[in-house]
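Basis for what follows: all heavy atoms, side chains included, without hydrogens, waters or symmetry-related copies.
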Amino acid sequence: MCGIVGYTGQGQAVPFLLAGLNRLEYRGYDSAGVAVMDGGQLSFVKTAGRIAELEEVLAGRGLSGRVGVGHTRWATHGRPNQQNAHPHLGCHGDVAVAHNGIIENHAALRRELEARGHRFRSETDSEVVVHLLEEYSDRDLRQALQAVTARLRGTYALAVVRTQDPNAVGAARQDSPLLIGLGEGENMLASDIPALISHTRRVVVVEDGEVVVLSAEAAHIYNQEGEVERTPLEVGWNLEEAERGGLPHFMIKEIREQPRALRQTMAGRLSEDLSQLQLEIDPGPLPRKLWFVACGTSYHASLVARRLAEDVLAIPAEAELASEFRYRHLALGGEDTVVAVSQSGETLDTLSAMRQAKAMGARVIGVTNVIGSSISREAELNVPTLAGPEIAVASSKAYTTQILALTFLVLAYAKASGRLTAAQEQAWAKELWALPEKAELVLQKEQEIEAVAARLSQAQDVFYVGRGTDYAVAMEGQLKLKEISYLHAEALAAGELKHGTLALIEAGVPVVALLTQGDLIDKTLSNLAEIKARGGWVYAITSHDLLDRQELDHVFVLPAGRDELAPVLAALPLQLLAYYVALLRQTDIDKPRNLAKSVTVE
Ligand code: M6R
């Protein structure tokens, strides 16, 4: 949901801003712009479309200056055109603002500012910020930002430059991510780490309600009480991890990285002789009920975890879409635990659901992939996934590492509550250890999937079916296909087909079937026979020996292992299938239409 960057230092601002925007383009990509302090004047360039178009225009303009801000947009208010692109400039061209978030009271503010003579040029909610800043031009940057943010309702990360502070970049945050990168003779701002790591790995997280004043020499953070001192975090990623490494898309790079991502997430959590789990997760007492809240792919990982929790812990567990959870009238209390699952750790629906649960007294745990993210900081306990940066909008390695981290969380409860015998613990440790290698074996069969993709790419609709945990995995498979190939896909609990959707099955309709849960395979096979009887084309993914497979049109065989871990392996052919279908359909795989990676609006 929009990416913002800012630079002040001894170097040129534009190269940093452009490189940063390119790395944040996953957050939004319908228009972009930069504003740079050039000889005491603000110069700006804004274009509709991708960063590449902005780069092209900038190449002909030779904008120079050592202080500037930039923005890549995911439109909320106002069409994605040049006029609505950020940064927005005030009436006199001496203040520029880039904004990520939504200003909820923009209409009232706009009326008020227009009555005071301000001329608006865009349809955006964001433009009110720059006009408000003009109203406070008699105050220093910190005071002006504090006065402006006191008037705003909604969510924002702001990056500001104004001619009266020619060496400074100002910033403010409320519920939208904002980081400071500390460099040598330069300081920077960005919505996410990949934009900073070409220049520094020392990062400071800006908290809600804070304003920032950056110069080349110093980064000052203020809250209402005064200046705040905060120790920087050291980012473990390197630049290579945030780049495509010669591959055509981030998505295929990230799919192939999964064995490594699983190993990283597992590191140090298994004893060397594989007899013990060394989880170092103190989940607290076993709750009355365990809730998993999340959106999209993270929700699908939560569905897998819910089953595992029910099976291993024998307590009630639920997985709920964060956007729905918030509007249920739930009687949560101190005996409940809510696990917020989010790759970015910034998804507003999930963050708000977590905050609500916390306010009601529930214990809250985060499972996130981004250090310093809001969910990771606000949760009482954070169980990290160590997948490394995930840049493609379609989530892949985040999903499989989430399942792994959630498995660790459930096992930590099991261990702490005496529900795991030594033999069971050892069996888990051995299976977990073998998982990354099995993932490698699955990925070696990439070409097999490429061939099936040709069949699916011609379809009108694709159905994904499974029972139990396989149904959860089917949901993830269909989301992946829809999201990047724009093909209609639908996931169904296999037993539900006969209650309606079977009417859509006719000759040649493709059905992807998940058959990894031993106790449910026979039942699912019966449902597949019903599909075959109506001419459907069945592509099955299984980790079991299927005695009765002659009915199936194509069978993809996964390495055998514990059914509980099969979702990790089953996700891989599903991700590859979606990728190759999208490749054949020539869609924009890393940046599918209408979507953005980090969804910080409700
Ligand atoms: O960062 P989060 O895990 O909280 O994001 C949640 C969803 O927006 C995300 O998983 C989305 O569904 C992906 N694009 C799916 O590939």
Side-chain angles (χ1 to χ4, degrees), residues 1-6 21 24 27-28 31 33 35 69-78 84-90 95-110 112-113 120 122-136 141-162 169-180 189-192 195 204-214 221-224 228 344-349 351-352 355 372-375 377-378 596 598-602:
M1 301 289 132
C2 304
I4 64 170
V5 282
L21 289 179
L24 294 181
R27 299 180 63 84
S31 55
V69 295
H71 188 269
T72 180
R73 181 168 186 245
W74 185 84
T76 59
H77 295 61
N84 291 329
H86 300 216
H88 293 289
L89 273 84
V95 192
V97 171
H99 167 227
N100 168 31
I102 292 182
I103 308 299
E104 287 168 5
N105 57 339
H106 71 99
L109 288 172
R110 185 173 183 136
E112 175 193 321
L113 288 158
F120 280 70
S122 77
E123 305 160 299
T124 65
D125 56 323
S126 313
E127 196 183 339
V128 294
V129 179
V130 73
H131 296 284
L132 275 174
L133 273 162
E134 286 181 317
E135 288 284 309
Y136 299 108
L141 190 52
R142 168 197 170 181
Q143 288 169 344
L145 281 164
Q146 284 179 325
V148 167
T149 51
R151 304 286 323 272
L152 303 178
R153 226 180 46 230
T155 60
Y156 48 82
L158 302 170
V160 173
V161 280
R162 53 181 203 174
V169 174
R173 169 195 162 133
Q174 184 62 49
D175 289 329
S176 294
L178 183 63
L179 305 167
I180 299 170
L189 286 173
S191 306
D192 199 358
V204 178
V205 179
V206 182
E207 306 256 4
D208 284 346
E210 292 177 344
V211 305
V212 174
V213 178
L214 289 187
I221 305 176
Y222 305 95
N223 62 20
Q224 290 305 325
V228 177
S344 60
E346 298 292 350
T347 299
L348 192 55
D349 284 321
L351 179 60
S352 307
R355 285 177 177 163
S373 60
S374 300
I375 291 176
R377 284 179 294 117
E378 292 184 33
S598 181
V599 186
T600 51
V601 295
E602 290 172 56

What closest approach, in Å, do [X] and [Y] show between heavy atoms, and which atom pair accounts for it?
X: P177; Y: A157; value: O-CB, 3.6 Å
X: G345; Y: S373; value: CA-OG, 3.5 Å
X: S191; Y: C2; value: OG-O, 4.2 Å
X: L21; Y: G3; value: CD2-O, 4.1 Å
X: V5; Y: A195; value: CG1-CB, 4.1 Å
X: I103; Y: T155; value: CD1-O, 4.2 Å

Is there a side-chain contact between [X] and [Y] (heavy atoms, below 4.5 Å)?
X: V204; Y: V212; value: no
X: D208; Y: Q174; value: yes
X: F120; Y: H131; value: yes
X: W74; Y: N100; value: no
X: R377; Y: V205; value: yes
X: E135; Y: L113; value: yes
X: E112; Y: R151; value: yes

Spacing of [atom1] belonging to [X] relative to [atom2] belonging to [Y], to within rounding of 0.5 Å:
X: E378; Y: R355; atom1: CD; atom2: CZ; value: 4.0 Å
X: D192; Y: L24; atom1: CG; atom2: CG; value: 6.5 Å
X: L145; Y: R162; atom1: CG; atom2: CZ; value: 7.5 Å
X: N84; Y: S122; atom1: CG; atom2: OG; value: 5.0 Å
X: R110; Y: N105; atom1: CZ; atom2: CG; value: 13.5 Å
X: Y156; Y: D125; atom1: OH; atom2: CG; value: 13.0 Å

Please determine which of [options] meets the side chain to side chain contact (heavy atoms under 4.5 Å, CB included) test together with [X].
X: V160; options: V169, L189, V95, V129; result: V95
X: V206; options: L178, V228, V211, L179; result: L178
X: V130; options: V97, L158, L89; result: V97

Using modelled atom types only, decide if a donor and an acceptor are shared between the side chain of [X] and the backbone of [Y] within a distance under 3.5 Å.
X: H71; Y: A98; value: no
X: S126; Y: H99; value: no
X: E210; Y: E207; value: yes

request  = Using the six-membered ring wherever Trp is involved, compare the ring planes of H77 and H106 and label them parallel, tilted or perpendicular (cut-offs 30° and 60°).
outcome  = perpendicular

key: Side-chain H-bond candidate by donor/acceptor type, S374 with R173, under 3.5 Å   = yes

